[in-house]
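Residues: numbered from 1 along the sequence shown.
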Amino acid sequence: MDLKHSRSVQLNDGNLMPVLGFGTFAPEEIPKSKATEATKVAIDVGFRHIDAAYFYQNEEEVGQALRDKMADGTVKREELFYTTKIWNTFLRPELVRQCLERSLKKLGLDYVDLCIVHFPFAMKVSFEFLCPRLLYYVKTMRFFWTLALEKCKDSGLTKSIGVSNFNHKQLELILNKPGLKYKPTCNQVECHPYLNQSKLLEFCKSKDIVLVAYSALGSHRDSNWVKSDSPYLLEEPVLKTIARKHNRSPGQVALRYQLQRGVVVLAKSFNEKRIKENFQVFDFELTSEDMKMIDGLNKNFRYAKMSFAVDHPYYPYSEEY
């Protein structure tokens, strides 16, 4: 990843993805209007990669921000890279396109730049509930949704396709699928200094699949996802020490760490000051010693426990990456 001359990486289908993205997930207690405000700020400061999902239930608000910033001349549609995700209740082949079209309608857009499968398992079909009882696992449905997602790409509804929360064995199931037309361009997973995903990153690189990091700054403290006693990544002494040396914040160091590893990284904040700060990661460089020290923080700790999946017979659904 050439950070000096380009702020994008070329995907295996030839399309370009900005290496730094703006995440739009927010806990239920945050008003949805905040997604509009924050996304506008993100675009104003320079973010061109916007990461969202059907599950977040705020694509209408995010879409309003995109349309407003295109209307006022700040950005053109072709300069934006928008990601959405197919939720688990839509993983039957006849429903994949319907989920994408619902997102597009809310967004007010003709296409997205990337459409990925949110998790490697399906749920009971439901148009009302986001988390009904889990019924299926990727091993039983791996040949179903891939073709439907490929058709979404062929029809122009999305430029690229990929996956999220897949481990290397689950990726291999997709890559080895007979008749696969397009292999995943990316795999979006939780990734930060406490969970650096080094083995999965190596595997993805070997298959020309881009690893995209979410929860790169640790995670918000939403009790539905994160235990209250989870460590605060941005209070980590090693990150603070390195940050002081470079006159940066621990968050900027955590983001820059991912970029220098060749990982596309998502930064999520609805705070204007933090949004601006998170974008200021291209004008400094961590030393090899810095990188080694941060590598040493890995302890395979996950913030996202996916508690909604605990009743699934295969939970935890993914083996250690």
Side-chain angles (χ1 to χ4, degrees), residues 1-3 5-25 35-36 38-56 58-86 99-100 103-104 106-118 149 152-153 155-164 182-189 191 204 208-214 216 255 258-259 262-269 275-276 278-282:
M1 189 179 289
D2 184 1
L3 298 179
H5 300 96
S6 175
R7 294 183 179 180
S8 296
V9 62
Q10 187 174 51
L11 303 175
N12 60 41
D13 62 0
N15 293 318
L16 296 177
M17 171 192 279
V19 297
L20 179 63
F22 177 71
T24 61
F25 175 78
T36 302
T39 303
K40 286 183 178 181
V41 171
I43 292 174
D44 284 338
V45 304
F47 281 94
R48 294 296 180 263
H49 177 173
I50 309 298
D51 181 82
Y54 178 88
F55 177 77
Y56 300 168
N58 61 5
E59 286 192 294
E60 187 171 348
E61 290 75 17
V62 173
Q64 184 64 57
L66 302 184
R67 296 194 305 275
D68 287 349
K69 299 315 293 183
M70 287 188 284
D72 70 13
T74 301
V75 68
K76 298 177 181 177
R77 174 64 186 94
E78 58 269 23
E79 295 171 336
L80 290 170
F81 187 98
Y82 185 90
T83 298
T84 193
K85 306 176 185 75
I86 303 298
C99 183
L100 177 52
S103 287
L104 288 171
K106 291 179 180 180
L107 291 164
L109 300 178
D110 297 325
Y111 69 91
V112 297
D113 298 273
L114 175 65
C115 183
I116 61 181
V117 173
H118 210 143
L149 203 56
C152 287
K153 175 176 169 65
S155 67
L157 297 180
T158 181
K159 290 190 172 183
S160 298
I161 59 177
V163 296
S164 181
Y182 306 114
K183 70 178 182 179
T185 59
C186 66
N187 182 26
Q188 185 180 131
V189 297
C191 185
C204 286
D208 196 17
I209 296 172
V210 171
L211 193 75
V212 181
Y214 69 77
L255 295 174
Q258 299 292 5
L259 295 177
V263 174
V264 170
V265 63
L266 305 176
K268 184 184 71 64
S269 176
I275 294 172
K276 293 178 179 178
N278 289 340
F279 193 75
Q280 296 168 352
V281 293
F282 294 105

Donor + acceptor pair across side chains of Glu59, Tyr82 (<3.5 Å) = yes

Determine whether the side chains of Asn15 and Ser160 contain a donor N or O and an acceptor N or O closer than 3.5 Å.
-> yes

How close do [X] and [Y] get, heavy atom to heavy atom, and via which atoms?
X      : Y      : answer
Leu149 : Gly162 : CD2-O, 4.0 Å
Val9   : Val19  : N-CG1, 3.9 Å
Cys191 : Leu211 : SG-CD2, 4.5 Å

Backbone N/O of [Y] and side chain of [X]: donor-acceptor pair under 3.5 Å:
X      : Y      : answer
Arg77  : Arg67  : no
Ser164 : Val117 : no
Thr83  : Ala52  : no
Asn12  : Ile209 : no
Thr158 : Cys115 : yes
Ser155 : Cys152 : yes

From CG (Leu66) to CD (Glu61), nearest 0.5 Å = 11.5 Å

From His118 atom NE2 to Gln188 atom CD, the distance as rounded to the nearest 0.5 Å = 7.0 Å

Would you please classify the geometry between the Phe55 ring and the Phe25 ring as parallel, tilted or perpendicular, with 30° and 60° separating the classes?
-> parallel

Does [X] come within less than 4.0 Å of [Y], counting only side-chain N to carboxylate O?
X      : Y     : value
Lys153 : Asp13 : yes
Lys69  : Asp44 : yes
Asp72  : Lys40 : no

Given Leu20 and His49, is the side-chain contact (heavy atoms from CB on, under 4.5 Å) satisfied, shown in steps?
-> CA-CA 7 Å; Leu20 179 63; His49 177 173; over 6 Å; no

